[in-house]
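Notes follow the structure.
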Amino acid sequence: DSEDSIRTNTIIFLGKIAGKLKPSVRDKVLVSAFVRGVNDPFPAARLAGLRATSACSAYISESDVCLKILPSVVTCLIDPSSNSVREAAF
């Protein structure tokens, strides 16, 4: 979406309902949505993506963490625009 706040709130919403989703839906949706959030140009969306990933870690496979999530999270460690994003990535 072109609206920063809609992208951010979508990530937050997915993080909150993750436990209620069917496992097959959860496997398809969560990782891609959270990685998109972590790579978003809007700092609040990056922060939401990092926090949602952390909150939903029980639903994410180890291979998805290593292959899909960590490469995006590592770049947040040097985020030039937000100290909060850097702290959440650490």
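Ser63 meets the side chain to side chain donor-acceptor pair (under 3.5 Å) test with Ser61; sequence neighbours excluded. Thr8 is linked by a side chain to side chain contact (heavy atoms under 4.5 Å, CB included) to Ile12, Phe42, Ala44, Ala45, Ala48, counting only residues two or more places apart in sequence or in another chain.
Interatomic distance, Arg46 CZ to Ser84 OG, rounded to the nearest 0.5 Å: 11.0 Å. To the nearest 0.5 Å, atoms CG (Leu50) and OG (Ser72) are separated by 9.0 Å. The CG atom of Asn9 sits 11.0 Å away from the CG atom of Asp4 when rounded to the nearest 0.5 Å. For the atom pair CD of Glu87 and CG of Asp79, the computed distance is 11.5 Å after rounding to the nearest 0.5 Å. To the nearest 0.5 Å, the span separating CG on Asp64 from CG on Leu30 amounts to 10.0 Å. Remark: Arg26 CZ to Ile17 CD1 distance equals 10.5 Å, nearest 0.5 Å.
Of all heavy-atom pairs between Val85 and Pro43, the closest is CG2-O, 3.5 Å. Closest approach of Cys76 to Val38, counting heavy atoms only: SG-CG1, 3.5 Å. Of all the heavy atoms in Gly15 and Cys56, the pair that sits closest is O-SG, 3.6 Å. The heavy-atom pair separating Tyr59 from Gly19 by the smallest distance is OH-CA, 3.2 Å.
Residues Ile60 and Ile69 meet the side-chain proximity criterion, which asks for heavy atoms closer than 4.5 Å.
Criterion: ILVMFWY side-chain heavy atoms under 4.5 Å apart, direct or through other members. Under it, Ile6 and Ile11 are not part of a common hydrophobic cluster.
Residue-environment remark: CZ (Arg86) exceeds the threshold of 12 foreign heavy atoms within 6.0 Å.
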